[in-house]
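Here is the structure we will look at.
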Number of protein chains: 2
Amino acid sequence: MQNPLRQIPEAFADIISLQTYRKGQLLHRAGQRCHTLFLVKTGALRSFYLVEERDVTAHFALEYGLVGAVDSIMKGTSSRYSIEALEDSTVYELNYAELEGHLNRHPGQERLARQVTQLLYLDLVERLEGMTFLSARARYEHLLERYPGITQRVSLGHIASYLGITQETLSRVRRQG
Amino acid sequence: MQNPLRQIPEAFADIISLQTYRKGQLLHRAGQRCHTLFLVKTGALRSFYLVEERDVTAHFALEYGLVGAVDSIMKGTSSRYSIEALEDSTVYELNYAELEGHLNRHPGQERLARQVTQLLYLDLVERLEGMTFLSARARYEHLLERYPGITQRVSLGHIASYLGITQETLSRVRRQG
DNA sequence: CAAAGCTTTTGACCTGCGTCAAAAAAGTCA
DNA sequence: TGACTTTTTTGACGCAGGTCAAAAGCTTTG
C-alpha cells in the first residue's frame with residue numbers, strides 16, 4: 001500500500017476510536033492542551049489560528065489527511081490552534097501518549113510512525129518553498145494540484161488565508177484562471 | 001540537557017564520523033543521492049537549490065544545526081539540494097541507513113530520534129507562518145532572533161533568498177533597522 | 001599593491017497585491 | 001418564500017517590494 005496514512009487505522013486499531021462531527025463543530029479549541037491526532041475518514045477538517053483578529057488556516061485535512069494541535073502535542077503546552085469540521089465528518093482519533101505506549105509494545109511499527117512523520121515534513125517543505133517565491137496565482141494552482149476539488153468543499157476565505165493572500169485577490173485570480 | 005541535537009554526537013558515537021571542510025566547499029551536489037545527515041560542530045553550512053537560475057537558500061545550520069538533503073533521504077531519489085560550507089567547518093556525519101540499523105539495535109534511542117524530528121518539524125511550521133503574513137522587515141527581525149549574529153557570518157544575498165525577498169530590499173531594510 | 005572578483009548599497013521606476021467599501025450572489029431557516 | 005446571514009465579486013486606490021542598472025565597498029590573489 002502506497003500511502004502510509006491509509007495504514008494507520010488498521011495498524012493502530014486497538015488504540016484508535018472513530019468519532020463523528022457536524023459541520024462547524026470544533027474538535028479542539030485554542031488555548032487548551034490537545035494530545036489527540038485526527039485522521040479524516042470522511043469529510044474535511046482544518047486547523048486555524050488567529051493573527052490580529054484574523055482567522056488563518058494552518059492546515060486542511062480531507063479524506064485520509066491528518067491534523068493535530070502539533071504545538072501542544074510536541075511541546076506539551078496549550079495550543080494556538082483550533083480544529084474545526086468543515087463538513088459533517090467521521091474521524092479516527094488517536095491519543096499521542098497511547099501511541100507512544102503502543103509503539104513501545106510494537107516496535108515493528110516505529111517504521112510506519114517515522115514514515116508518516118516524514119510525509120508531513122516533506123509536505124511542509126514543499127509548502128514553505130511555495131510561499132517563498134510563488135505568486136498568488138501560482139500558489140493557487142499548486143493547491144489545486146495537491147487538493148483537487150477543494151474549491152467545491154472549502155470557502156474562498158479559508159483557502160486564501162491558507163495561501164497567505166486576501167480573499168479579494170484569490171477571487172480575482174480565480175475569475176480569469 | 002535541553003537541546004536534543006547536542007545529544008546526537010554521544011548517543012550515536014559509534015556510527016558518527018567527524019569531517020572538516022573549507023569555506024566554499026560542497027558537501028553534496030544537487031542531482032545526486034545523499035543519505036548523510038550533517039551536524040555542524042563548528043562553522044556554518046547551508047543547503048540551497050535553483051529556481052530559474054536563481055540560487056535559493058533552503059536552510060542554514062550553524063553550531064549544532066542539522067542539514068541534509070531531506071528529499072533524497074526521505075524519498076530515496078536524487079536531491080534537488082546542494083549543501084555548501086559557508087565557513088571552514090567541522091561536521092559530524094551520520095548515514096541514514098546506519099542510523100536506522102542503530103535504532104533497531106538501540107530502541108531506547110528512538111525517543112531521541114523522534115525528538116529531533118519534531119524539533120525540525122516545529123521549526124518549519126514557524127518559518128512557514130512567518131512566510132505567510134510577515135513583511136520583509138518582520139521576517140528579517142525574526143531571523144535575527146532565531147540566529148543571532150548570523151549577519152556577521154552569512155552574506156546578505158543568501159539571507160535574502162532564505163527570507164524570500166531580494167537583496168536590494170534586505171539591504172534597505174537593514175539600513176534603517 | 002594593483003587588478004579582478006565579489007558583495008552591498010543606492011536610485012528610478014513599475015506592478016502585484018493589500019485595503020476599504022459596497023454590491024451581488026448564495027445559503028439558511030422560520 | 002421572504003428575511004437574514006454569510007460568502008464572493010467588483011471597483012478605486014495606495015504602497016511594499018520587485019526589477020534593472022550602476023556605483024561604491026570589500027576580498028582575494030598574483
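The shown structure was predicted, so the numbers you read here are calculated from the model rather than taken from an experiment. Chain A is the first sequence line, chain B the second, and so forth, proteins listed ahead of strands; every chain is numbered from 1.
- Going from atom CD of A/E52 over to atom P of C/dT19 covers 10 Å, rounded to whole Å.
- Side chain of A/R153 to backbone of A/G43: a donor-acceptor contact under 3.5 angstrom is found.
- Rounded to an integer number of Å, the gap from CD of A/E53 to C1' of C/dT19 is 16 Å.
- The distance from atom OH of A/Y140 to atom P of C/dC17 is 15 Å, rounded to the nearest whole Å.
- Identified under the ring-ring contact (aromatic ring centres under 6.0 Å, His included) test for residues 115-169 of chain B, with sequence neighbours left out: B/F60-B/Y162.
- Considering only heavy atoms from C-beta on, B/L39 comes within 4.5 Å of B/P9 through its side chain.
- In this structure, the CZ atom of A/R175 is 19 Å from the P atom of D/dT7, given to the nearest Å.
- Between A/R139 atom CZ and C/dG16 atom P the separation is 14 Å, expressed in whole Å.
- Between A/Q167 atom CD and C/dA22 atom P there is a gap of 17 Å when expressed in whole angstrom units.
- The stretch residues 146-158 of chain B touches DNA chain C through B/S155, B/L156, B/G157, each having a heavy atom within less than 4.0 Å of the strand.
- Applying the ring-ring contact (aromatic ring centres under 6.0 Å, His included) test to residues at least two apart or on different chains, the pairs with a partner in residues 83-113 of chain A are A/F12-A/H102, A/H102-A/H106.
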Query raised in the report: In B/S/- notation, 5' to 3', how is nucleotides 13-30 of chain D contacted by protein heavy atoms closer than 4.0 Å?
Result: ----SSBBB---------

Per-pair distances, 0.1 Å, donor-acceptor, side chain in residues 24-32 of chain A, under 3.5 Å, sequence neighbours excluded:
unit_1	atom_1	unit_2	atom_2	d
A/Q25	OE1	A/R22	N	2.8
A/H28	NE2	A/Y81	O	3.2

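- Between A/R174 and D/dT8 there is no side-chain N or O to OP1 or OP2 distance below 4.0 Å.
- Counting only heavy atoms from C-beta outward, the side chains of A/V91 and A/F38 approach each other to under 4.5 Å.
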Name the atoms and distances for all side-chain donor-acceptor pairs under 3.5 Å in residues 65-75 of chain B, with sequence neighbours left out.
unit_1	atom_1	unit_2	atom_2	d
B/D71	OD1	B/S79	OG	2.8
B/D71	OD2	B/R80	N	2.9
B/S72	OG	B/C34	N	3.0
B/S72	OG	B/C34	O	3.4
B/S72	OG	B/T77	O	2.7

Requested in this report: Just do the salt bridge (Lys or Arg N to Asp or Glu O under 4.0 Å) check on A/E87 and A/K41 with the steps written out, would you?
Outcome: CA-CA 12 Å; A/E87 303 172 350; A/K41 187 180 188 201; over 6 Å; no

